[in-house]
Amino acid sequence: MGQLFHEARKRLKQAAKYLELDPDVLEKLKYPKETLAASLLIRMDDGSRRSFKAWRCRYDDTRGPTKGGIRYHPSVCLDEVMALAFWMTFKCAVVNLPYGGAKGGVAVDASSLSKSELERLSRAYVKAFANFIGPDRDIPAPDMYTNAMIMGWMADEYSAIVGQPSPAVITGKPLQLGGSLGRDDATGRGGYYVLRHLEKDLGVTPEKARVIVQGFGNVGYHCARMLHADGYRIVGVSDSQTALYAPDGMDPLAVREHKKRTGSLRGAPAHGRMQETSNKALLEQECDILVPSAMENQIDAQNAPNIQARIVMEMANGPITPGGDQALNNKGVIVIPDILANAGGVTVSYFEWVQNKAGYYWTLPDVHARLQQIMEPEARRVWDIKLEKQIDMRTAAYVHALDRIAAAVTAHGGKAYFSS
Ligand code: NAD
């Protein structure tokens, strides 16, 4: 068993301590339900053929068809795909989507492929996994280095294989091909709803709250924009090239305009002094709320003791290592975990699937209202479990999800039922 999957499964054992589980539940969740590996052989533009390793893992489908993105990255491996599929099982359960968890990946540096090679690779993925995925079986979505256009190619390929348009096989599609309104800012918006809903519990006053957002991309930008509009002071932002700190705050809209115009965050406008710093140093600057929105493993046992924020909201997947988590907990920092904070993305993906199946499309206010109706009560429940059981929010989110999965597993009758 690989290290990543091993670490992911530790969460299960940790959460199980706080529930009285039928032994069937842990047995069922011990290993992925099914995993398929394939080699994608495609014709390159220079006439040669190349093969790429690819995987899809369906971790558990007790609560419904499995759901999870497809990642294109040179370091993707089976261990990572299994760990991420496990993670998706819990994320879908936290927000009560009628889904299990899955994940897919291709070991490829997508930036090294031409547009046509990328299309051929994406279509080859669907050919290889056509019997594994399906609108009522396993529904992929974008992840690192896959995007709406790739989802459109994949839906098209699947539709050709099954002989009819089948948009519900995949989410994150372009709007014109059955995508949902509101998917673009859904992840940032979900985190925004969670934070605003728990403000009083967290002791946050918007006008006084200073926020640093690491990763000014899709997720980070939208989250910063919405918080700023409600009076939060955005004092730091960064991308892979530049990190900026402005104690008197900045307007994320103006910063984004500047980046669009110049191609860089450097020299972006601020309300007072603007200081350029390193990405690593930005995490340790003075603020109340730190919002890592870039990538994995940014806060570890080494830098966690230097973090000044009182609250860390994980908008990226896995930005805190287990060691970093421990160190932040020891300091009394409240971590709003990724499986809750960034679940707005998969929630609106679910809305897309529902709309595709119904053939009826919602307005933007509908999408926003329904997202809020899901994020707020689930955030409240996680907070209540934290208080009831005196545990950190991450463990509380896993307890909440596991409780739901366990209820579904035992609805078929568990050991307690069959042995009595
Ligand atoms: P994105 O590519 O739009 O943005 C990522 C941003 O992070 C970019 O601005 C990039 O320059 C910056 N970045 C990269 N490396 C960095 C570094 N070392 N330090 C600081 N900034 C760095 O991606 P996104 O869609 O915003 O996703 C961000 C994170 O959120 C990822 O971890 C992703 O898995 C997670 N996530 C995204 C969604 C979604 O719907 N997009 C849903 C759930 C989770």
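All heavy atoms count here, side chains included; hydrogens, waters and symmetry mates do not. Every number for a ligand or one of its atoms is a count from 1 in the order of the listing.
In this structure Y145 satisfies the ring pair (Phe, Tyr, Trp, His ring centres under 6.0 Å) test with no other residue, sequence neighbours excluded.
A donor-acceptor contact closer than 3.5 angstrom is absent between the side chains of S264 and K259.
Salt-bridge annotation for D201 and R380: present, with a side-chain N of the basic residue lying under 4.0 Å from a carboxylate O of the acidic one. Ion pairing between K103 and D143 holds under the 4.0 Å rule for side-chain N and carboxylate O.
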Name each donor-acceptor pair under 3.5 Å that joins a side chain in residues 369-377 to protein atoms two or more places apart or in another chain, with its distance.
residue, atom, partner, partner atom, Å
Q372, NE2, E376, OE2, 2.9

Under 3.5 Å, which donor-acceptor pairs do the side chains of residues 168-175 form with other protein atoms, sequence neighbours left out?
residue, atom, partner, partner atom, Å
T171, OG1, K67, NZ, 2.7
T171, OG1, S349, OG, 3.1
K173, NZ, P167, O, 2.9
K173, NZ, I170, O, 2.6
K173, NZ, E352, OE2, 2.7
K173, NZ, N356, OD1, 2.7

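If you look at ligand 1, the protein residues with a non-hydrogen atom under 4.0 Å away are R183, T187, Q214, G215, F216, G217, N218, V219, S238, D239, S240, N279, S293, A294, M295, M315, A316, N317, N342.
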